[in-house]
Amino acid sequence: METLSTNKSHGGVQGVYRHASLATGTDMTFSVYVPPHDPGAKLPVLWYLSGLTCTHANVTEKGEYRRACAEQGLIFVAPDTSPRGEGVPDDSAYDLGQGAGFYVDATEAPWASHFHMRAYVEQELPRLIGSEFPADMGAQGITGHSMGGHGALTVALRNPARFRSVSAFAPIVAPSVVPWGEKALGRYLGEDRDSWRPYDACALILDGARIPELLVDVGGADQFLHEQLRPELLRAACDAAGIPLTLRLQPGYDHSYYFVSSFLADHVAWHAARLRA
């Protein structure tokens, strides 16, 4: 692991790091904020998965989470959204290719050569965080925004024993039935829609996956609300499965980091209460 930068913030350290990933076959960059803590202490971990076109830098620079993490004693980890670099497949559209990994393990050419973001965020990066940082890997929460909200929900639903808390900002809750998801899943996984189900939160719930509870914020003025996000489908799935869902439609907020940063500290506190229970 190579340290690219470190900066002191709210008594802790905001770092940016790079390592050679076996999952993607590329170098991967990620950020970690470690709050102030006593020597030898192990701290709960909150994962944050970013959305389309983003890298680790978007939330790191715009998220406004560090004060809350310092107050609550949480490590905050932000991976990249896709493999990158020379020889990595890409597409001219913003919603496919580099910056748009959708947290899947691709099976279709040319994406299958590098686009293994599920293995990266579920297996490889957690091992690295657990070995290199003062992380209590028995106390993990996960959240994310948009495509990353989709990632957070599906990662948690596939690994319910790992995550004590789950939340999301403007998540793509049913990618199998919305344009962003139909395009990406079709290209990465092929046309057999059964292979898409492990990457669709509503389908996972219908198929029996369960988590104890869920917090979701969506902007009432989000330009993608009705066509791409479809939070009402998550409400219906959770109601049918008996999963307690707090779904908050925030009036006047859009899809941007002005929205995310307004409520991220609230999510940090919500996760902290569950991770320290």
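Heavy atoms only: backbone and side chains are in, while hydrogens, waters and symmetry mates are out.
- Residue Tyr33 is not grouped with residue Leu43 when hydrophobic side chains (ILVMFWY) are merged at heavy-atom distances under 4.5 angstrom, including chains of intermediate members.
- Pairs engaging residues 62-82 under the ring-ring contact (aromatic ring centres under 6.0 Å, His included) rule: Tyr48-Phe76, Tyr65-Phe76 [sequence neighbours left out].
- Using the six-membered ring where Trp is involved, Tyr253 and Phe259 have ring planes that are tilted, between 30° and 60° apart.
- A continuous path of hydrophobic side-chain contacts links Leu234 to Val155 [ILVMFWY only; heavy atoms under 4.5 Å].
- A donor atom on one side chain and an acceptor atom on the other are found under 3.5 Å apart for Glu124 and Ser21.
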Quick one: do Asp200 and His150 satisfy side-chain hydrogen bond (donor to acceptor under 3.5 Å, both in side chains)? Show the steps, please. CA-CA 8 Å; Asp200 183 308; His150 139 77; over 6 Å; no
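- Proximity of a side-chain donor or acceptor of Arg276 to a complementary backbone N or O of Gly73 within less than 3.5 Å is detected.
- Cluster annotation: Leu125 and Leu46 are assigned to distinct hydrophobic clusters (Ile/Leu/Val/Met/Phe/Trp/Tyr, side-chain heavy-atom contacts under 4.5 Å, transitive).
- Qualifying ring-ring contact (aromatic ring centres under 6.0 Å, His included) partners for Phe163, counting only residues two or more places apart in sequence or in other chains: none.
- Partner Asp222 forms a side-chain contact (heavy atoms from CB on, under 4.5 Å) with one of Leu229, Asp254, Leu249 and no other, that one being Leu229.
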Yes or no on side-chain hydrogen bond (donor to acceptor under 3.5 Å, both in side chains) for Asn7 and Ser9, after CA distance, side-chain angles and deciding distance? CA-CA 6 Å; Asn7 297 92; Ser9 179; over 6 Å; no
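- A side-chain donor-acceptor contact under 3.5 Å links Gln228 to the backbone of Trp180.
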Less than 3.5 Å apart, which donor and acceptor atoms pair up between the side chains of residues 130-139 and the rest of the protein, not counting sequence neighbours?
{"unit_1": "Ser131", "atom_1": "OG", "unit_2": "Arg127", "atom_2": "O", "d": "3.3"}
{"unit_1": "Ser131", "atom_1": "OG", "unit_2": "Leu128", "atom_2": "O", "d": "3.0"}
{"unit_1": "Asp136", "atom_1": "OD1", "unit_2": "Gly138", "atom_2": "N", "d": "3.0"}

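- Ile142 and Trp270 fall into different hydrophobic clusters, where Ile, Leu, Val, Met, Phe, Trp and Tyr side chains are chained together by heavy-atom contacts under 4.5 Å.
- Residues His271 and Ser167 bring a donor and an acceptor atom of their side chains to less than 3.5 Å of each other.
- Ring orientation note: the planes of Phe224 and His255 are nearly perpendicular, at an angle over 60° on the 30°/60° scale.
- Salt bridge status for Asp266 with Arg248: present, with a side-chain N to carboxylate O gap under 4.0 Å.
- Placement of Tyr199 and Trp111 within a single hydrophobic cluster is found when ILVMFWY residues are connected by side-chain heavy-atom separations under 4.5 Å, directly or transitively.
- Side-chain atoms of Val218 and Leu225, non-hydrogen and from C-beta on, do get closer than 4.5 Å to each other.
- Annotation: side chain of Val45 is in contact with side chain of Val77 (closest heavy-atom distance under 4.5 Å).
- Each salt bridge (charged side-chain N to carboxylate O under 4.0 Å, His left out) pair with one or both residues in residues 168-181, not counting sequence neighbours, would appear here, but there are none.
- With respect to Arg158 and Glu122, a salt bridge is recorded, a charged nitrogen being found less than 4.0 Å from a carboxylate O.
- Panel note: side chain Arg197, backbone Leu204; no donor-acceptor pair is recorded below 3.5 Å.
- Salt-bridge formation is not detected for the pair Lys62/Glu64: no Lys NZ or Arg NE/NH1/NH2 atom is positioned less than 4.0 Å from an Asp or Glu carboxylate oxygen.
- Shown here are the side chain to side chain donor-acceptor pair (under 3.5 Å) partners of Trp47, two or more places apart in sequence or in another chain: Gln140.
- Ala168 pairs by the side chain to side chain contact (heavy atoms under 4.5 Å, CB included) definition with Leu153, Pro171, Val216, not counting sequence neighbours.
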